[in-house]
Amino acid sequence: MSAAEPALEHPASWYAATAGTPPAGLSLTGDTRADVVVVGGGFTGLSAALHLAEKGLDVVLLEGGRIGSGASGRNGGQIHTGHRRDQLHIEAHLGRDDARKLWDLAQDAKTLLRDLVSRHAIDCEWRDGLIHAAHKPELAAEDHAYARHLRETYGYGAISPLSREEVRALVASDAYHGGSFDAEGGHLHPLKLAFGLARAAQAAGARLYERARAVSVSESTDGVRVTTAHGPVVTADRLLECGDGLMDGLDRRVDTHVMSIANYIAATEPLGARGDALITNDAAVADTRFVVNYFRLSPDRRLLFGGGESYRRALRADVPGFVRPYMLRIFPQLADVRFDYGWGGVLGLTMTRNPFVRRLGGRVLVAAGYSGQGVLLAPLFGQILAEAVSGRLDRLALLERFPVPAFPGGTLLRYPLLVAGLTYYGLRDRL
């Protein structure tokens with residue numbers, strides 16, 4: 001499978017094995033019309049479809065594979081506070097006032113996510129708590145300073161610095177030198193969340209079509225046309241492009257700012273009490289490496305470990321073999337442990353790691369390029385796109401202030417140039 005093509009079925013993963021029965025999507029057998037057409041059946045698109053349908057609009061959602069079969073149903077399931085770039089970075093580039101507004105927006109994302117889970121009774125195995133673990137002493141000091149900054153400047157009292165000894169008491173690894181604990185961070189089952197959002201959108205009246213890959217879009221004064229891979233065309237007044245890293249080739253205005261990369265997760269056999277000893281407070285863990293190691297325990301006490309990226313077009317075949325060295329650098333005591341599942345997924349990346357949320361034309365909006373922060377932000381951004389369709393533009397305008405320059409060389413050179421840069425930073429992780 002090409003990295004930029006949707007999966008026609010949910011890939012074999014611990015998520016797919018434990019998510020239950022997928023929602024029944026529709027089959028697009030002929031041309032149709034709607035008020036709004038949404039491309040992408042992940043968190044962003046499902047949230048947008050839900051909020052639009054709740055406003056009484058006729059919504060068609062096109063998913064190239066199965067609902068949640070992209071990054072939304074394959075990711076690490078981790079909920080990180082804030083945006084992909086930290087508040088210090090945002091302050092430096094946008095100023096204190098806008099940084100405060102964007103912080104508040106990210107906090108709104110938490111509130112919305114909890115509300116969606118509660119209001120629609122989505123059993124997505126939410127667990128509170130996230131540990132940010134520093135793999136170098138100087139990064140631990142930076143983490144402590146940042147925790148103080150959030151408490152003093154933003155009044156965020158949920159974050160606390162952790163010494164090396166405190167991290168070691170929580171995570172059974174000698175790889176870390178300190179870090180921080182975020183009580184409002186956490187983790188969940190992402191595919192169950194996607195299924196729950198889909199059922200809520202359907203109940204509100206949205207039409208969700210599966211195996212209906214959008215291959216071209218056009219915009220005119222009369223509306224938009226989206227052509228699907230198997231022929232049928234959807235016409236609508238507005239188009240929301242919400243497919244993130246799986247939209248490559250659909251709209252050049254997005255392709256020049258967002259590119260897809262692959263990331264990988266493997267799930268061990270059930271570890272029982274041995275798993276409980278790995279992360280004693282059942283929090284999610286993510287470290288400070290440029291190519292982040294992120295891991296957590298599942299309810300059946302497997303270690304779900306994400307590590308390693310690839311910048312080629314096809315997903316790797318032997319995911320457990322690829323992930324194992326990353327896991328063993330953190331937990332060498334697991335050398336004898338079997339992997340039962342391994343899977344990869346495609347996410348959208350921007351050059352600045354800021355999300356690409358924009359008005360592309362009079363009738364087209366996009367939200368993509370989450371760069372690994374989609375679990376928290378994507379449902380909110382879907383809501384914001386729905387607001388914009390109804391005429392409320394203030395929160396969209398705020399997100400448009402994020403600097404997201406085009407990749408140097410456009411779509412032709414973005415991969416070789418970015419791969420060179422990412423490889424350099426990956427090498428620095430090992431120094």
Side-chain angles (χ1 to χ4, degrees), residues 7 10-20 68-69 71-80 123-133 135 167-176 179 185-194 262-289 291-310 315-345 347 372 375 429:
H10 290 283
S13 69
W14 179 81
Y15 295 144
T18 57
S69 62
S72 291
R74 306 192 197 193
N75 62 76
Q78 296 199 356
I79 303 160
H80 291 252
D123 179 17
C124 60
E125 301 167 2
W126 188 306
R127 301 289 185 274
D128 290 324
L130 186 138
I131 298 165
H132 193 230
H135 74 289
V167 170
R168 182 63 180 81
L170 296 172
V171 182
S173 175
D174 292 326
Y176 300 120
H187 56 103
L188 51 73
H189 192 305
L191 189 53
K192 285 188 175 183
L193 175 61
N263 200 265
Y264 300 93
I265 303 174
T268 69
E269 61 187 295
L271 300 175
R274 191 177 178 187
D276 292 334
L278 293 177
I279 309 171
T280 59
N281 64 349
D282 203 23
V285 184
D287 67 22
T288 52
R289 288 174 172 83
V291 180
V292 178
N293 291 316
Y294 53 96
F295 45 93
R296 62 193 181 95
L297 294 170
S298 65
D300 59 356
R301 313 329 277 164
R302 301 173 188 271
L303 181 68
L304 307 184
F305 194 97
E309 296 175 344
S310 66
L315 293 173
R316 293 178 180 271
D318 180 16
V319 173
F322 179 68
V323 172
R324 181 176 291 277
Y326 293 92
M327 182 189 74
L328 292 182
R329 291 187 193 110
I330 308 303
F331 297 117
Q333 66 269 40
L334 299 184
D336 63 323
V337 166
R338 181 185 75 244
F339 279 127
D340 284 345
Y341 301 94
W343 64 96
L347 59 97
V375 177
D429 281 344

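These numbers were taken from a predicted model, which means no experiment stands behind them. Just the heavy atoms: all of them, side chains too, but no hydrogens, waters or symmetry mates, feed the values below.
P11 and A16 get closest at one heavy-atom pair: O-CB, 3.4 Å. Nearest heavy-atom pair across V323 and G307 is CG2-O, 3.9 Å. The minimum heavy-atom distance linking D336 with Q333 is given by the pair OD1-O, 3.6 Å. When all heavy atoms of R168 and S173 are compared, the closest pair comes out as CD-O, 3.0 Å. For R296 against G77, the heavy-atom pair with the smallest separation is NH2-CA, 4.2 Å. Considering every non-hydrogen atom in both G68 and L191, the closest pair reads O-CD1, 3.5 Å.
Of the charged side-chain nitrogens involved, none lies within less than 4.0 Å of a carboxylate oxygen, so that R316 and D318 do not count as a salt-bridged pair. Salt bridge annotation for D287-R329: absent, with no cationic side-chain nitrogen under 4.0 angstrom from a carboxylate oxygen.
Test T268, L303, D174 against F331 for side-chain contact (heavy atoms from CB on, under 4.5 Å) and you get one pass: L303. Just one residue in the list K192, H187, H189 forms a side-chain hydrogen bond (donor to acceptor under 3.5 Å, both in side chains) with E125, and that residue is K192.
With values rounded to the nearest 0.5 angstrom, L347 atom CG is found 11.0 Å from S72 atom OG. Distance check, rounded to the nearest 0.5 Å: CG of D300 to CG of L271 gives 9.5 Å. Note that the NE2 atom of H80 and the CG atom of L130 stand 4.5 Å from one another [nearest 0.5 Å]. Rounded to the nearest 0.5 angstrom, F295 CZ and I279 CD1 are separated by 5.5 Å. Rounding to the nearest 0.5 Å gives a distance of 10.5 Å between CG of D128 and CG of L188.
A heavy-atom distance below 4.5 Å is found between the side chains of R127 and P299. At least one side-chain heavy atom of N263 sits less than 4.5 Å from a side-chain heavy atom of Y294. Side-chain atoms of R301 and P270, non-hydrogen and from C-beta on, never get closer than 4.5 Å to each other.
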*asked:* Between L278 and L334, is the side chain to side chain contact (heavy atoms under 4.5 Å, CB included) condition met? List the steps.
replied: CA-CA 10 Å; L278 293 177; L334 299 184; 3.9 Å; yes
*Take V337 and E269, measure what side chain to side chain contact (heavy atoms under 4.5 Å, CB included) needs, and give me the verdict at the end.*
CA-CA 7 Å; V337 166; E269 61 187 295; 3.9 Å; yes
_W343 vs V319, test: side chain to side chain contact (heavy atoms under 4.5 Å, CB included). Steps then yes/no._
CA-CA 6 Å; W343 64 96; V319 173; 5.6 Å; no
*Could you walk me through whether W14 and I265 pass side chain to side chain contact (heavy atoms under 4.5 Å, CB included), step by step?*
CA-CA 10 Å; W14 179 81; I265 303 174; over 6 Å; no
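One N or O on the side chain of Y15 and one on the backbone of N75 form a donor-acceptor pair closer than 3.5 Å.
Remark: Y176 engages no residue in a ring pair (Phe, Tyr, Trp, His ring centres under 6.0 Å) (not counting sequence neighbours).
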